[in-house]
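Structure record follows, encoded as structure tokens.
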Amino acid sequence: MRNQRTQTLVEAALCVALSVVLNYAAMRLPINVAGGSISLTMLPIAVIAIRRGPLTGAAAGTIFGFLDLLMEPYILVPAQVVLDYPAPYLLFGLGVGVFSTLYYSQKTPDAAARPTAVIIIATLVGGMLRLASHLLSGVIFFSEYAGGQNVWVYSLVYNISYLGPSLLASMLCALFIVPIVDKTVPVPKREAA
């Protein structure tokens, strides 16, 4: 039991560190004047969340969110910080991790035979939760950038401009990486709750 906790902690720390490294390879679009960039930072969080569940995914996401705040802060008020940094990644890790049990419920020992649809749905749900947090932040704190447009539409378009490509890239990579990691470092058998 203790060995499993240590393995989970090390794996989560490696995923957070990899998210930080991937954040440095991000691409910012010219329209993203108030933050946001296309990157694969969600990929390691998705991998740990699928492998270890919602609590570990949420914890890894939250830690990365705070590290992202240290790396690229864009702060208007404290409430905006919560909605733009720890909350989106917490929600992403939680949303993906909820599908962990479903992913591992397959009775096949072969990781490649597990359903890819679960990874797709899990990352989409996590991505929608992350989008919801950024959307609220945009509506509440960045409405002056909307000009005469509907602030909800402006915030949605702004956030989808970088989250959409980031989510798609992370999802496609996760489809290949999760089975490979599962085969290399299998998740220990889960105990019944």
Quiz item: Stepwise, does the side chain to side chain contact (heavy atoms under 4.5 Å, CB included) test hold for V187 with R51?
Solution: CA-CA 7 Å; V187 173; R51 288 177 49 80; 3.5 Å; yes
Quiz item: CG of L163 to OG of S133: how many Å apart, nearest 0.5 Å?
Solution: 10.0 Å
Quiz prompt | Heavy-atom side-chain contact between L94 and L129 under 4.5 Å | solution = no
Quiz item: Going by heavy atoms in the side chains, are L175 and L172 under 4.5 Å from each other?
Solution: yes
Quiz item: Do D84 and S137 get their side chains close enough for a donor-acceptor pair, meaning under 3.5 Å?
Solution: yes
Practice problem: For side chain to side chain contact (heavy atoms under 4.5 Å, CB included), just list the numbers for S105 and L102, CA-CA rounded to whole Å, side-chain angles, deciding distance to a tenth of an Å, and then say yes or no. | Solution: CA-CA 5 Å; S105 67; L102 181 61; 4.1 Å; yes
Quiz item: So, for Y103 and P179, which heavy atoms are closest and what is the spacing to 0.1 Å?
Solution: OH-CG, 4.1 Å
Quiz item: Where do M171 and M42 land on the side chain to side chain contact (heavy atoms under 4.5 Å, CB included) test, with the steps shown first?
Solution: CA-CA 9 Å; M171 179 192 324; M42 292 185 284; over 6 Å; no
Exercise. Work out which heavy atom in G126 is nearest to a heavy atom in F92; give both atom names and the distance.
Key: C-CD1, 3.2 Å
Quiz item: Between V185 and Q7, which heavy-atom pair has the shortest distance, and what is it?
Solution: CG1-NE2, 3.4 Å
Quiz item: Any idea which heavy atoms bring S170 and S39 closest together, and the distance?
Solution: OG-O, 4.2 Å
Quiz item: Is L14 close to L18 at the side-chain level, that is, under 4.5 Å between some pair of heavy atoms?
Solution: no
Quiz item: So do the side chains of F64 and V20 get within less than 4.5 Å of each other, counting heavy atoms only?
Solution: yes
Quiz item: Would a 4.5 Å heavy-atom cut-off, applied to side chains only, mark Y158 and H134 as touching?
Solution: no
Exercise. Determine yes or no for a side-chain-to-main-chain donor-acceptor pair under 3.5 angstrom, with S37 supplying the side chain and A26 the backbone.
Key: no
Exercise. For residues I140 and Q80, determine if any side-chain heavy atom of one lies less than 4.5 Å from a side-chain heavy atom of the other.
Key: no
Quiz item: To the nearest 0.5 Å, what is the distance between OH (Y85) and CG (L70)?
Solution: 10.0 Å
Exercise. Let me know which of N23, T41, V16 forms a side-chain contact (heavy atoms from CB on, under 4.5 Å) with L67.
Key: V16
Exercise. Start with the C-alpha distance between Y104 and F99, add both sets of side-chain angles, then the distance that settles side chain to side chain contact (heavy atoms under 4.5 Å, CB included), and finish with yes or no.
Key: CA-CA 9 Å; Y104 286 104; F99 291 88; over 6 Å; no
Quiz item: How long is the gap from CG on L124 to CG on L168, to the nearest 0.5 Å?
Solution: 9.0 Å
Quiz item: Minimum heavy-atom separation for L22 to L40, with atom names?
Solution: CD1-O, 3.3 Å
Quiz prompt | Any F66 side-chain heavy atom under 4.5 Å of M71 side chain | solution = no
Practice problem: For the residue pair F142 and Y145, categorise the inter-ring angle as parallel (less than 30°), tilted (30 to 60°) or perpendicular (more than 60°). | Solution: parallel
Quiz item: Which atom names give the shortest non-hydrogen contact between V81 and I75, and what distance separates them?
Solution: CG2-CG2, 3.5 Å
Quiz item: With distance as the sole criterion, is a donor-acceptor pair present between the side chains of S155 and N159 under 3.5 Å?
Solution: yes
Quiz item: Is there side-chain contact between L136 and F141, with at least one heavy-atom pair below 4.5 Å?
Solution: no
Quiz prompt | Residues that I177 engages under side chain to side chain contact (heavy atoms under 4.5 Å, CB included), provided they are two or more places apart | solution = L43, V47, C173, V181
Quiz item: Hey, quick one: are I160 and Y154 part of the same hydrophobic cluster, counting side-chain heavy atoms closer than 4.5 Å, chains of contacts allowed?
Solution: yes
